[in-house]
Every structure is written in C-alpha cells, then in structure tokens.
Amino acid sequence: MEPQAEIAAILEEGKTDLHTACKLFDSLETVDLEFLLGTWKGRDFHTGHPLDGILKKLKWYGKAFHDADNVDPLLFEFIKGKVVAIDPVPFMSKQKLTEAAGGEARMRMVEFRGKLSAAIIYDHLPIHDHLRKVNDNLLLGMMDLKGDTQAFFFLLEKVEK
C-alpha cells in the first residue's frame with residue numbers, strides 16, 4: 001500500500017500500533033531544511049502514546065519554520081482564530097500555557113533510524129521531532145523525547161499562503 005493510502009486508512013480507523021507507525025515512518029522519504037520553511041498545520045496520529053489526543057483538546061495548530069535557527073514548535077489556535085506560538089517548557093511540565101517570544105527550537109539535518117533528514121531540536125527540552133515526507137504537502141513526524149519509552153507520532157500539512 002502507498003504511504004498516503006496507508007495513512008488515510010489509519011486515520012479512518014482512528015489509530016494504529018507503534019510497530020506499524022515505525023515501519024511506515026522508516027519507509028518514507030527524507031526532507032531537507034528548505035522544504036520545511038513556512039507554516040504547517042498539525043494533526044493527531046494515534047499509536048497508544050499517553051499524549052494521543054491531548055494536543056487536539058488544547059487546540060494545537062501546528063508548527064512554523066522561519067529559518068534554520070528559528071522554529072515555533074508549538075502553535076495553538078485561540079479565540080477568533082488567532083494562532084500563537086507557545087513556550088514548550090511550561091507545556092511539557094503541565095503548567096499554564098505561556099506565549100513564546102518565538103523561535104523556541106531550531107532545525108537541523110539529523111541521522112535517525114538510518115536516514116539523514118530534517119529534525120526540530122527544542123532549545124530547552126530534550127526533544128527532537130524527526131520528520132519524513134509523505135508527499136509535497138504532508139509530513140509524518142516522530143517525537144523523540146529523552147527518557148520516553150515510546151515515540152509520539154503526528155502529521156503536519158502545509159498551510160498555503
């Protein structure tokens with residue numbers, strides 16, 4: 001099955017298992033930093049991780065890639081559709097959401113699971129979000145949090161401006 005069709009089937013089903021998600025991720029094309037520039041809308045990709053569904057409940061919007069040293073890894077949509085960059089440190093420690101000054105992460109090419117591809121490296125947290133290309137407008141992301149025993153998966157869809 002083609003990756004895009006497999007993702008559609010998983011989304012229709014509502015979830016998949018970790019093994020299937022890892023196998024799908026590993027089969028995908030890599031991306032470079034330039035490909036990521038712009039804003040991407042986030043979507044859940046459930047695999048049984050404790051964070052599954054949390055971002056959606058909090059109105060997670062996605063991520064913004066301004067340049068190699070300035071990435072907003074957490075955008076949330078608030079009242080009247082206003083999209084705001086949120087500081088990931090209070091978010092991950094389950095404190096009140098705090099607006100970020102901007103650029104709380106950077107992007108670099110990182111070898112992960114045998115392939116060199118773009119990754120988001122958080123400035124103040126032991127997190128790398130590794131990204132692979134489903135098609136020109138869709139990415140599958142795998143969050144690698146130091147000490148977490150299971151990866152968290154998400155989708156990013158390019159926002160056309």
Side-chain angles (χ1 to χ4, degrees), residues 1-58 60-66 68-76 85-89 91-94 103-159:
M1 185 183 300
E2 286 289 316
Q4 193 166 338
E6 188 171 355
I7 287 172
I10 290 167
L11 291 173
E12 174 113 2
E13 177 73 24
K15 65 179 178 172
T16 190
D17 61 82
L18 182 61
H19 175 76
T20 301
C22 288
K23 187 176 172 186
L24 175 60
F25 182 85
D26 291 343
S27 76
L28 296 173
E29 236 182 283
T30 61
V31 293
D32 62 23
L33 304 183
E34 188 174 322
F35 182 84
L36 297 177
L37 293 175
T39 302
W40 295 76
K41 187 146 177 54
R43 186 169 182 183
D44 290 340
F45 194 80
H46 294 253
T47 61
H49 190 280
L51 287 177
D52 284 354
I54 302 260
L55 290 172
K56 183 177 181 178
K57 286 179 188 171
L58 294 172
W60 178 51
Y61 182 83
K63 300 178 182 290
F65 301 84
H66 306 291
D69 290 318
N70 294 288
V71 175
D72 294 319
L74 290 176
L75 298 176
F76 287 87
I86 295 297
D87 186 336
V89 174
F91 174 78
M92 291 301 289
S93 60
K94 299 178 183 167
E104 295 293 326
R106 57 199 160 126
M107 57 178 165
R108 297 289 188 267
M109 297 299 290
V110 175
E111 186 172 338
F112 181 69
R113 299 180 66 88
K115 292 183 179 180
L116 185 65
S117 192
I120 302 166
I121 300 168
Y122 289 62
D123 289 345
H124 306 291
L125 292 168
I127 297 175
H128 292 177
D129 287 340
H130 300 276
L131 304 167
R132 300 280 172 84
K133 180 179 177 181
V134 177
N135 62 42
D136 286 342
N137 296 308
L138 187 65
L139 302 171
L140 179 61
M142 178 190 250
M143 183 181 83
D144 178 22
L145 169 63
K146 185 176 182 176
D148 203 353
T149 58
Q150 179 181 342
F152 173 72
F153 287 87
F154 56 91
L155 292 166
L156 294 174
E157 188 171 359
K158 185 75 172 182
V159 175

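One-based numbering along the sequence shown.
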statement: Tightest non-hydrogen contact, residues Ala68 and Leu33, listed as CB-CD1, 4.3 Å
- request: Taking all heavy atoms of Pro73 and all of Glu104, pick out the closest pair and write down the distance.
  value: CD-CB, 4.1 Å
- prompt: Does atom NZ of Lys115 have more than 12 heavy-atom neighbours, drawn from other residues, nucleotides or ligands, at distances under 6.0 Å?
  reply: yes
- prompt: Asp17 side chain to His19 main-chain N or O, any donor-acceptor pair under 3.5 Å?
  reply: yes
query: Which residues satisfy the salt bridge (charged side-chain N to carboxylate O under 4.0 Å, His left out) test with Arg113, sequence neighbours excluded?
result: Asp26
- request: Kindly give the heavy-atom pair with the smallest separation between Asp69 and Arg106, and that separation in Å.
  value: CA-CB, 3.8 Å
message: If I take atom CZ from residue Phe35 and atom CE from residue Met107, how far apart are they, to the nearest 0.5 angstrom?
response: 12.0 Å
message: Taking Ala64's backbone N and O only, do any of them form a donor-acceptor pair with Thr39's side chain (distance below 3.5 Å, no angle check)?
response: no
message: To the closest 0.5 Å, what do you measure between NZ (Lys63) and CD1 (Ile120)?
response: 4.5 Å
field: Close side-chain approach of Phe45 to Thr16, heavy-atom, < 4.5 Å
entry: yes
- request: Heavy atoms only: give me the nearest Leu36-Ala118 pair and the separation to one decimal.
  value: CD1-CB, 3.5 Å
- request: Could you grab the distance from atom NE2 of His130 to atom CE of Met143, nearest 0.5 Å is fine?
  value: 10.5 Å
- prompt: Is there a side-chain contact between Leu140 and Leu155 (heavy atoms, below 4.5 Å)?
  reply: yes
message: I'd like to know if Lys15 and Asp52 make a salt bridge, using a cut-off of under 4.0 Å between side-chain N and carboxylate O.
response: no
message: Is any side-chain heavy atom of Trp40 closer than 4.5 Å to one of Leu75?
response: no
- request: Taking the side chain as every heavy atom from C-beta outward, state whether Leu55 and Phe154 have any pair of such atoms under 4.5 Å apart.
  value: no
- line: In this structure, CG of Leu131 is separated from CZ of Phe112 (nearest 0.5 Å) by 10.5 Å
- request: Answer yes or no: is there a side-chain heavy-atom contact under 4.5 Å between Thr30 and Asp32?
  value: no
- prompt: Is the count of non-hydrogen atoms from other residues, nucleotides or ligands lying under 6.0 Å from Lys158 atom NZ greater than 12?
  reply: yes
message: Using the side-chain hydrogen bond (donor to acceptor under 3.5 Å, both in side chains) criterion, which residues pair with Asn135? Sequence neighbours excluded.
response: Gln4
task: Please report the closest heavy-atom contact between Gly141 and Phe25, naming both atoms and the distance.
output: C-CE1, 4.4 Å
task: Would you please test Ser117 and Lys133 for side-chain contact (heavy atoms from CB on, under 4.5 Å) and show each step?
output: CA-CA 9 Å; Ser117 192; Lys133 180 179 177 181; over 6 Å; no
- request: Report the distance from atom CZ of Arg43 to atom CG of Leu11, rounding to the nearest 0.5 Å.
  value: 4.5 Å
- prompt: Are Pro126 and Leu145 close enough that some pair of their side-chain heavy atoms sits under 4.5 Å apart?
  reply: yes
- request: Using a 4.5 Å cut-off on heavy atoms from C-beta on, say whether the side chain of Tyr61 contacts that of Val159.
  value: yes
- prompt: For the atom pair CD1 (Ile86) and CH2 (Trp60), what is the distance rounded to the nearest 0.5 Å?
  reply: 13.5 Å
Where Pro3 and Leu28 come nearest, the two heavy atoms and their spacing: CB-CD2, 3.4 Å
message: Test of understanding: with side chain to side chain contact (heavy atoms under 4.5 Å, CB included), list the residues that count as partners of Glu6, not counting sequence neighbours.
response: Met1, Ile10, Thr20, Leu24
- prompt: Are side-chain heavy atoms of Phe152 and Pro50 found at a separation under 4.5 Å?
  reply: no
